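Small disclaimer: the values here were computed from a predicted structure and weren't measured.
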Amino acid sequence: MNKTVIAGIAAALILLAIVAVLMTQAPPAQTPTATPSTPTSPRQTTTTTTTTPTTTTQTATPQAAVLTIGVTDKVTDLDPSNAYDFFTWEVLYNTMAGLVRYKPGTTELEPDLAESWSAQDGGRVWVFRLRPNLKFCDGTPLTAQDVKRSIDRVMKINGDPAWLVTDFVEKVEAPNATTVVFYLKKPVSYFLALVATPPYFPVHPRYNPDKVDSDQTAGGAGPYCIKTFVRDQQIVLEANPYYYGPRPQFTQVVVRFYKDATTLRLALERGEVDIAWRTLNPPDVEALRATGKYKVVEVPGSFIRYIVLNLNMPELKDVKVRQALAAAVCRKDIANVVYRGTVAPLFTLIPQGMWSSYPVFQEKYGDCNTDLAKQLLQQAGYGAGKKLNIELWYTPTHYGDTEKDLAAVLKEQWEATGAVSVTIKSAEWATYVQQLRSGAMMVSLLGWYPDYLDPDDYTTPFLRSGANKWLGNGYSNPQMDQILDKASTELSQQAREQLYRQAQQILAEDVPIIPLIQGKLFIVTKPNIQVVVDPTMILRYWAIKT
C-alpha cells in the first residue's frame, strides 16, 4: 500500500503500537467487561481480554438512501484467498468482517466478529470468542467452523496474500461454535494486526472450497452485501440486514469504475458521483478545490511507490546494472514534475516517520547520480556502443493518469546515462497483475498500501523468500530471510529497529526494488459528505455520513 510521510503523518505512525497479548493455555473463561488493551510483552502471564463495545442497531438519521462513489480503480478478485490490491481490499473491508478491526480513523484494534480474545504459551496460541448469533448476508449462521473453513481455504489455495496466514499459522481449530483457536509457528508481535486483514475474514459457504472464486458475490458478514457486480463497470452494495452493528446511514452504495481521472472529474462535476476517490490527477484536485464547490480531504499516508526489477531477466541479473538504475533515478524531479509536489522522495521501503526507516538508497547512491550510474553500467559492459535494453511497464488507470508521465520521466532519467534504451509498455490492471505474478515483466511500476501498520509490512512482503512471490521478480536472499524472521519475533523495538536497518542495507545493495516516492491521497466530495479513512488508507463506506 504506499507510504512516505509528508508533513504531519509522522506523529500518527509513531503512535502505532501493535503488540501481542498473552494468557493461559485453556480458552478464556467468562471475563468482566474491560477496555480493549494491548500489553507490551507476550511473555506476561496475566490474562488480557477485550470485550465488545456497545453496538446498538438503531437506524441513522434518514438522509439520501444511495451514495455513489467514483474510482479509476478496478476489482481483481472478490475473494480474500487471492485478492491482494488496495481497492479490492477496500471492497472486502466493507462487505466482510474479521475477528478484529481497526477502530475507524485510528490505529487502535477493536472487537469485530470476536467479542474477546486472549493469548497464551508465550504468544503461540491465540483464542477468540465470537459474538452470539452472527450471520452472513443471506441469513446463514456464521460459526467458528466458518472461520476455520475460510482460513483453511486460504492456506489450501495459497494465493497472493496467503503468506499473511501461512507464514505464521500452524493450524486453526474450532472446538465449539463460538471459539476459534490459532496455533502459531512462533510468537508474532503483531498477530492481532494480521488477523484484521482480509485473508482471515470468514467467507460464505458458497465460495468454491478449492479454487479462487473471483466473481463470487456471496461475500461475508460485513456491514454491506454485494447486490450486483459488473466487472469494470460498477458494484452495487446494500446494507446488510443481519449485521450486528449499527446500520449505515446509506442503505445502498454504488461504486462506479471510470476509465481515467478526467472522466472521473467530469462525473463529479456533473453530479453523477458524490465522492471521487482513487485517483484524480493533482491538477484536477487543485482545480476542484479552487472552485469552492467541493470538499477536498487529504489522506496523509503510508502510501509508497516503487519499481520492481525482475532478477530472472538476463539483463538484470548483474547487480551493478540494478544499482546503476537506482543511482540514475531522480526522485525530486518525479515528485515535482509528475506529482506537482504532492508527494515526497522515498529512499527506502519503510515510510518516513515510521520507526526504523532509514534513507539507505540516498546514503548509497544519492539522487540523480547519473555519473555513478554511468560508471556502474560501464563496469557491467554497457555504454554508447552497447546499450542496456529495458522494458518498463506501467498500468494506465490503477494508480491514476500520472502513470504515463512517471514512466516517461524514468525513461528520460535512465537514458540520460547514454548507456540505456527504454521501451515503455502498458497493460490494464487485471492483465498487469497476471503478468506480474508470472514474472513476465522486466521492470514494472507498483504501489503499496499497508496491510498492517508495522515495518514488517514494508519489508517481508517484498523481500522474504516466498512471501514476495506475488512480485514475480525471483528475489531470494537467505541472510535477508533470517533477519526478517528474527525481527518478526523480537520483543524489543530497539532490537527490531537494528534488524530492519540491516534489512534495508541489504535491500540497497541487492536492489530487487527501487523505492521512489511516498505520498498522500485525496478524496473530493460534495460539501455535505463526511468521510473517515483509516491510517491503513481504507475508506469505510458504512462510516460515511452527511
Side-chain angles (χ1 to χ4, degrees), residues 1-9 63-64 66-74 86-87 90-91 94 105 232-235 249-250 253-303 305 334-344 394-406 409 429 447 449 517-535 537-541 543-546:
M1 308 170 182
N2 5 50
K3 326 140 186 182
T4 315
V5 181
I6 309 180
I9 186 70
Q63 297 288 347
V66 179
L67 176 74
T68 305
I69 300 172
V71 300
T72 61
D73 221 324
K74 299 291 188 292
F86 169 80
F87 180 70
E90 179 168 293
V91 173
N94 284 283
D232 298 338
Q233 294 184 33
Q234 73 175 21
I235 185 167
Q249 178 173 342
F250 293 96
V253 174
V254 179
V255 181
R256 294 177 179 169
F257 306 114
Y258 291 89
K259 66 177 182 178
D260 53 39
T262 300
T263 308
L264 176 58
R265 174 183 171 177
L266 290 173
L268 179 67
E269 292 176 325
R270 289 195 297 261
E272 294 176 7
V273 300
D274 302 299
I275 297 173
W277 164 237
R278 286 275 311 182
T279 307
L280 291 168
N281 289 325
D284 292 330
V285 174
E286 295 171 7
L288 290 167
R289 192 201 305 266
T291 67
K293 297 179 181 179
Y294 305 96
K295 182 187 298 183
V296 177
V297 181
E298 295 186 9
V299 185
S302 32
F303 164 59
R305 296 301 312 278
I334 290 172
N336 293 328
V337 174
V338 179
Y339 296 101
R340 301 283 189 99
T342 58
V343 301
Y394 74 94
T395 185
T397 58
H398 184 71
Y399 299 109
D401 293 359
T402 52
E403 286 303 279
K404 183 178 181 180
D405 296 332
L406 175 57
V409 169
W429 182 241
Y449 298 80
I517 55 96
Q518 174 178 343
K520 52 186 173 183
L521 297 179
F522 296 88
I523 305 176
V524 182
T525 77
K526 291 181 178 179
N528 63 320
I529 300 292
Q530 300 176 26
V531 299
V532 176
V533 181
D534 295 351
M537 305 184 84
I538 293 294
L539 182 60
R540 308 282 183 172
Y541 304 160
I544 297 174
K545 300 183 182 300
T546 58

What distance do [X] atom [atom1] and [Y] atom [atom2] have between them, rounded to the nearest 0.5 Å?
X: Thr397; Y: Leu264; atom1: OG1; atom2: CG; result: 11.5 Å
X: Ile544; Y: Gln249; atom1: CD1; atom2: CD; result: 10.0 Å
X: Arg340; Y: Thr402; atom1: CZ; atom2: OG1; result: 11.0 Å
X: Ile69; Y: Leu539; atom1: CD1; atom2: CG; result: 5.5 Å
X: Lys404; Y: Thr395; atom1: NZ; atom2: OG1; result: 14.0 Å
X: Thr546; Y: Asn528; atom1: OG1; atom2: CG; result: 6.0 Å

Lys/Arg cation over aromatic Tyr294: Arg289, 6.0 Å, 45° cone = no
task = Return the orientation label for the Trp429 and His398 ring planes: parallel under 30°, perpendicular over 60°, tilted otherwise.
result = parallel
Beyond-backbone contact of [X] with [Y], side-chain heavy atoms, under 4.5 angstrom:
X: Val255; Y: Val91; result: no
X: Glu90; Y: Trp277; result: yes
X: Leu268; Y: Leu288; result: yes
X: Phe522; Y: Leu280; result: no

Can you list the residues that meet the side-chain contact (heavy atoms from CB on, under 4.5 Å) rule with [X], with sequence neighbours excluded?
X: Asp405; result: Val338
X: Thr279; result: Thr72
X: Val297; result: Lys295, Ile523, Val531
X: Arg256; result: Thr68, Gln234, Val254, Tyr258, Glu272

key: Closest contact, heavy atoms only, Ala261 versus Asp401   = N-OD2, 3.1 Å
query = Looking only at heavy atoms, what is the nearest atom pair of Thr342 and Pro282, with distance?
reply = OG1-CG, 4.2 Å
query = Residues in ring pair (Phe, Tyr, Trp, His ring centres under 6.0 Å) with Phe257, at least two apart?
reply = Phe87
key: ring pair (Phe, Tyr, Trp, His ring centres under 6.0 Å) against Tyr339, all qualifying residues, sequence neighbours excluded   = none
What pairs with [X] under side-chain hydrogen bond (donor to acceptor under 3.5 Å, both in side chains), at least two apart in sequence or on another chain?
X: Tyr394; result: none
X: Asp274; result: Lys526
X: Thr262; result: none
X: Asp260; result: Thr263

request  = Would you please test Val532 and Arg540 for side-chain contact (heavy atoms from CB on, under 4.5 Å) and show each step?
outcome  = CA-CA 7 Å; Val532 176; Arg540 308 282 183 172; 5.6 Å; no
note = Across all chains, not counting sequence neighbours, the salt bridge (Lys or Arg N to Asp or Glu O under 4.0 Å) partners of Arg265 are Glu269, Asp284
key: Worked verdict on Arg305 versus Leu406 for side-chain contact (heavy atoms from CB on, under 4.5 Å)   = CA-CA 11 Å; Arg305 296 301 312 278; Leu406 175 57; 4.2 Å; yes
